[in-house]
Amino acid sequence: MDGVRGSVTARARGAAPAVPRLWARATALAAAPALVLLGFAAAPAPAASAAAGTADPAAAGSAAAATSLKVMDWNVQGGQGADGVTDFGRVVEAIRQESPDLVTLQELHDNSAVGGENQWQVLLDELPGYYAHFARSDENALGGSAGNLILSRYPILERLTYLLPQYPQDTTAVRRSLGGVRLSVGGADLRVYTTHLSPGLGTEATERRARQARAVIDKLPASLMTTPMLLTGDLNVRPDDAIRPWFAAAGWLDAWTQVNANTGEEALTHPGDGEDARIDYVYATPAFDVSAAHTVPTTASDHLPVVAELTVHATPVAAAGAALTATELAGAAHVTAYADGGLRLRVCDNRADGWGVRAYVSAAAGGPALLTAADAAYADRCGSAAAPAGTADSAVVRVCSYQGGVEKDCRQATATA
């Protein structure tokens, strides 16, 4: 329970693959501190491996260039609806209607050990064509167990369950996990992760959630941020929470604000909890372009599903960089340098303080601006701008808070492979 804005100054320098309907198969792994390293081995294999990632980012991006994905994330609250009625059939029907390629769910229950319903098996029985990984979190969910589920129309090569830290050690709070899979998509690797952070506003709950968020970020494969990866889940934080800049600094892009306003009725994922109650997220690496995102109106849970449509960028990502304003809660800018010399700049305001966020991209520190973009307000969507192939081989991004012609709290970062 619990419009593209920007300008470009270009400076010269020297359809999704067909996927067969696959009969569902699943492996439910018991939670353990770490079953698989989050880097995942690049060599295709039907079983999990403890080897670190060795994928060639350029090769992976090229092979998956035409891949488009529809992703649904949803905290299903064990099938208990916003109307108080428990009917898991409504969850099944909502997923069936959207027909996503990937589904990530939180608060899913497996009560088969006590003679109850195994909800992830119900999904597989009712929705043939998916592979599955159930990342068990809590072994004391009313006698059964609960956790996060990943459903994929693509073969799962490796699975991961990673238990997140508890705080304090003797807490009786529900245990949380990070689930992950490595998929074969169009002959290339795609990594998908999902999590559910602890709720609560008290000092202890806030610290527990912060430690969990740090653990998630630390475990995600930073060396693969130029390759296609997705991170979803119920983070139990609103868009202006102090945790959000941590994900931005690590290079993760909020899919929702690439195409939609940050707040407002259409952005709500936890209705009835205020106009900015957006606490469920789909994050993507810069290897993805986001074309659309929406929530699904339903009373099947106290949360609404978040659906994002993404495409792997046709040209591989050569380097990427993120810079946060000196007041880190204020905002961030992300620059992506593609293998063909094209550039992409994304700028997001993260605080309703009367200041916007503006960013510039140059080929070298102190050089002339090749791109500039701004996000004028916290409530709206992020700003972006792009430069064509042949613009630059390298990129430095500088981000500032601004108000009229005044800029402050500027910082910069260099894009790295």
Side-chain angles (χ1 to χ4, degrees), residues 4 6-18 42 53-71 101 154 182-192 221-231 251-255 258-259 282-292 308-323 333-347 359-364 367 369-373 382-397 413-417:
V4 175
S7 61
V8 179
T9 303
R11 294 177 178 270
R13 59 151 189 160
T54 57
D56 178 353
S62 177
T67 301
S68 295
L69 297 169
K70 186 176 186 181
V71 181
D101 301 298
Y154 299 92
R182 180 170 66 88
L183 309 175
S184 175
V185 181
D189 281 355
L190 167 66
R191 292 164 175 82
V192 182
S223 63
L224 298 177
M225 287 300 292
T226 58
T227 69
M229 295 195 294
L230 298 169
L231 168 65
W252 291 98
L253 296 162
D254 180 356
Q258 300 306 304
V259 292
V282 175
Y283 281 99
T285 58
F288 281 103
D289 296 324
V290 183
S291 58
E309 298 177 38
L310 312 95
T311 302
V312 176
H313 194 80
T315 305
V317 175
H334 293 85
V335 62
T336 306
Y338 300 107
D340 63 0
L343 301 173
R344 179 75 181 269
L345 172 63
R346 300 171 175 94
V347 186
Y360 311 86
V361 174
S362 56
L370 305 176
L371 280 175
T372 182
C382 298
S384 69
T391 298
D393 290 319
S394 58
V396 175
V397 61
T414 301
T416 58

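- Annotation for Val397 and Ala333: closest pair CG2-CB, 3.8 Å, computed over non-hydrogen atoms.
- Interatomic distance, Phe288 CZ to Thr311 OG1, rounded to the nearest 0.5 Å: 8.5 Å.
- Tyr283 pairs by the ring-ring contact (aromatic ring centres under 6.0 Å, His included) definition with Phe247, Tyr281, not counting sequence neighbours.
- The two atoms that bring Pro286 and Val317 nearest to each other are O-CG2, 3.8 Å, heavy atoms only.
- Using a 4.5 Å heavy-atom threshold, the side chains of Tyr154 and Leu190 count as separate.
- For the residue pair Leu343 and Ala395, the shortest heavy atom distance occurs at CD2-CB, 4.0 Å.
- For Ala318, there are no side-chain contact (heavy atoms from CB on, under 4.5 Å) partners, not counting sequence neighbours.
- Under a 3.5 Å cut-off, the side chain of Thr372 and the backbone N or O of Tyr360 do not form any donor-acceptor pair.
- Interatomic distance, Leu230 CG to Leu253 CG, rounded to the nearest 0.5 Å: 11.0 Å.
- Here the side chain of Thr285 pairs a donor or acceptor atom with the backbone of Met229 at under 3.5 angstrom.
- For the pair Thr226 (side chain) and Ala417 (backbone), a donor-acceptor distance under 3.5 Å is absent.
- Shortest non-hydrogen contact noted between Val347 and Ala373 is CG2-O, 3.6 Å.
- For the atom pair OG of Ser184 and CG of Asp189, the computed distance is 7.0 Å after rounding to the nearest 0.5 Å.
- Annotation for Ser362 and Gly367: closest pair CB-O, 3.6 Å, computed over non-hydrogen atoms.
- Closest of all the heavy-atom pairs between Ala392 and Leu370 is CB-CD1, 3.7 Å.
- With sequence neighbours excluded, the residues satisfying salt bridge (Lys or Arg N to Asp or Glu O under 4.0 Å) with Asp289 are Arg344, Arg346.
- Remark: Ala322 engages His334 in a side-chain contact (heavy atoms from CB on, under 4.5 Å) (not counting sequence neighbours).
- For the atom pair NE2 (His313) and CG (Asp340), the distance works out to 6.5 Å, reported to the nearest 0.5 Å.
- Distance check, rounded to the nearest 0.5 Å: OG1 of Thr391 to CG of Leu371 gives 7.0 Å.
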